[in-house]
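We name chains A, B, ... by the order of the sequence lines, and we start the count at 1 in each one. These figures come from a predicted structure and were not determined experimentally.
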There are 2 protein chains.
Amino acid sequence: MAYTYEYARPALTVDCVVFGFDEGDLKLLLIQRGLEPFKGKWALPGGFVRVDESLEEAALRELQEEAGLSKVYLEQLYTFGEVNRDPRERVVTVAYYALVKLGDHLPHGASDAQNAAWFAVNELPRLAFDHEEIIEAALQRLKSKVRYEPIGFELLPKKFTLTQLQHLYEVVLEAPLDKRNFRKKILSMDLLMETDEIEQDVAHRAARLYRFDEAKYRQFKKKGFNFEI
Amino acid sequence: MAYTYEYARPALTVDCVVFGFDEGDLKLLLIQRGLEPFKGKWALPGGFVRVDESLEEAALRELQEEAGLSKVYLEQLYTFGEVNRDPRERVVTVAYYALVKLGDHLPHGASDAQNAAWFAVNELPRLAFDHEEIIEAALQRLKSKVRYEPIGFELLPKKFTLTQLQHLYEVVLEAPLDKRNFRKKILSMDLLMETDEIEQDVAHRAARLYRFDEAKYRQFKKKGFNFEI
DNA sequence: CCAAAAGTGTTTCACTTACACCCATGA
DNA sequence: TCATGGGTGTAAGTGAAACACTTTTGG
């Protein structure tokens, strides 16, 4: 390399906190490490940033390589740079979080990678590095962001029932919501399109399916409208 | 170094967006570059992260070295990692923003560093690198954060008038506020301590000075109270 | 016909908003 | 005595919260 280092450089990685929602549980995708350090421990998908790719490109590449995921909602979370967070050498990591439609993509929470698995967020194993701290930050971010941006829909199938949506909010916000008030509020925003379909294979009255109207939301946002639950 | 690089590494810097508030203006501290690239252009204070210091330590060190600042409010903003944001080589920068009490510290907006100066945010010169983008992000963050965390006080002297506080909010939020409603709301939170002092050297009725009660705020926060303007 | 979840309105209360005049002080 | 900003209260409107029963469907 045609550059003289005045100082040693920290290494740079990206790590991804991947959220999914399934059967009423908020889930998280983890990878079992095949190499030292922390060999055999579960960790966030991630890896070194290459010199010719942006941070977001690195995160998307790692999601594809390690978890077979593409077309996910992705947002930068925070950069973790404590000096001893990696036992080998100095490593700074830019953390991202991703929201995936579990129901759509993955038949039963399985992934392409053999050493990847979904865990309910309140049944996580012990993790490598400072990944518990990173996850904690991601949960906080999700909890606050879900209230003023319509990102909850990224975790549901394209078509969903109002009860599914409410359950999602209840799990993320860790608080019960009133059914009538919730429906009143979300429907009054005029961002959900009622489809002519209903749930299938349920042992009770089938609920109507709705879709989130992405285009309408973008229009509303331009005019100063603010989503809020 | 006892480590074998598999790939070339991006370099890592920190940059600081330093806000001050003076004479009704929101201001920003910039440094005039003495070296190429962008020699002579104004830029954010910042520099390379050393291998033995955390990101926050690096930011604090740069603030001290380049601007003579210490004891400021500092928070990580975002990490900028586009491939060509630095013309020399690949540089990823972790941006921080800082809030300083201009009135307290610096006699008239001057700084220790000879090549540092304060600019009103709407009268900024052309900047080096992607620093305009970083500042834009910092302004957005400040605007949203000031509404639900009591960080506005970090920009005012320890003792301030309610009108000063209101002006600060109006400038940051870019919107006028109703005087009576503002006072009612801020005083009803019970977070301001009335001092027995008043403004000095004004050509009209002198306003009462208040102090922000940090300790009380921490107590309230523990009990689930949320600051909100 | 029973179990299970879907779906639906109204009242109360709290908070936000809009708004104008007198007061104190120094020049 | 005038100019300048300091300081104060009320009424109307809007949105949030609390709350229970009927309907539909499959087993």
J.: Could you tell me whether B:Arg61 and B:Glu57 make a salt bridge, using a distance below 4.0 angstrom between a side-chain N and a carboxylate O?
T.: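 No, this pair does not count.
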J.: Five pairs at each end of the helix from C:dC1-D:dG27 to C:dA27-D:dT1: take the axis at both ends and give me the angle between them to 10°.
T.: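 Computed from the C1' atoms at both ends, the axes differ by 10°.
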J.: Given that B:Ala206 and A:Leu187 both sit by DNA chain C, which one's nearest nucleotide is further toward the 5' end?
T.: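 Closer to the 5' end of DNA chain C: A:Leu187.
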J.: Across the strands shown, which category fits A:Thr161 at heavy-atom distances under 4.0 angstrom: base, sugar-phosphate, nothing?
T.: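 A:Thr161: no heavy atom of the nucleic acid under 4.0 Å.
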J.: Would you call the rings of A:Phe80 and A:Tyr78 parallel, tilted or perpendicular, taking 30° and 60° as the class edges?
T.: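 It falls in the perpendicular class, over 60°.
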J.: Without hydrogens or angle criteria, can the side chains of A:Arg85 and B:Ser54 be said to hold a donor-acceptor pair below 3.5 Å?
T.: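 No donor-acceptor contact under 3.5 Å links the two side chains.
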J.: If the threshold is 4.0 Å, N to carboxylate O, is there a salt bridge linking B:Arg147 and B:Glu228?
T.: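 Here B:Arg147 does not pair with B:Glu228 in a salt bridge, since their nearest N and O are not under 4.0 Å apart.
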J.: Hey, can you tell me if A:Tyr217 and A:Phe212 have their rings parallel, tilted or perpendicular (30° and 60° cut-offs)?
T.: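 Taking A:Phe212 first and then A:Tyr217, their aromatic rings sit tilted (interplane angle of 30° to 60°).
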J.: Whole angstroms only, please: what is the CD1-P distance between A:Ile229 and D:dA17?
T.: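 After rounding, the gap between these two atoms is 12 Å.
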J.: Without decimals, in angstroms, what is the distance between A:Glu199 CD and C:dA4 P?
T.: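 One finds 16 Å between P of C:dA4 and CD of A:Glu199, rounded.
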J.: Is there a side-chain polar atom (N or O) of A:Thr163 under 4.0 Å from OP1 or OP2 of C:dA6?
T.: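 Yes, within the criterion.
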J.: Between C:dG7, C:dC23, C:dA5, which one does the side chain of A:Arg183 approach most closely?
T.: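 Among the listed nucleotides, the one closest to the side chain of A:Arg183 is C:dG7.
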J.: Send over the distance from B:Ile198 CD1 to C:dC23 C1', rounded to a whole Å.
T.: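 One finds 14 Å between C1' of C:dC23 and CD1 of B:Ile198, rounded.
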J.: Nearest whole Å is fine: how far is C:dT8 P from A:Leu162 CG?
T.: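 Taking CG of A:Leu162 and P of C:dT8, I get 9 Å after rounding.
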J.: To the nearest Å, give me how far apart NE2 (A:His204) and P (D:dG27) are.
T.: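 From A:His204 NE2 to D:dG27 P: 11 Å.
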J.: Quick one: B:Gln200 CD to D:dG5 C1', roughly how many Å, whole number?
T.: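 Nearest whole value for this atom pair: 16 Å.
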J.: In the 5'-to-3' direction, what one-character label does each nucleotide of nucleotides 13-22 of chain C receive under the scheme B = base within less than 4.0 Å of a protein heavy atom, S = sugar-phosphate only, - = no such atom?
T.: ---SBBBB--
J.: For A:Phe182 and D:dA18, what is the distance between atoms CZ and C1' respectively, to the nearest whole Å?
T.: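 Result: 17 Å.
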J.: Mind checking whether A:Tyr97 and A:Tyr73 have parallel, tilted or perpendicular rings, split at 30° and 60°?
T.: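 Answer is tilted, since the angle falls between 30° and 60°.
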J.: Does this structure show an ion pair linking A:Lys145 with A:Glu75, if we count only N-O contacts that are shorter than 4.0 Å?
T.: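 Between A:Glu75 and A:Lys145 there is a salt bridge, with a charged N closer than 4.0 Å to a carboxylate O.
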J.: Over 60° means perpendicular and under 30° means parallel, so classify the ring planes of B:Phe153 and B:Phe160, tilted if in between.
T.: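 Tilted, since the angle between the ring planes falls between 30° and 60°.
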J.: Consider side-chain hydrogen bond (donor to acceptor under 3.5 Å, both in side chains). Of B:Lys179, B:Lys184, B:Arg183, which one does B:Asn181 pass it with?
T.: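 So the option named by the test is B:Lys184.
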J.: In this structure, how many angstroms lie between the P atom of D:dT25 and the CZ atom of A:Arg205, rounded?
T.: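 Going from A:Arg205 (CZ) to D:dT25 (P), I get 7 Å.
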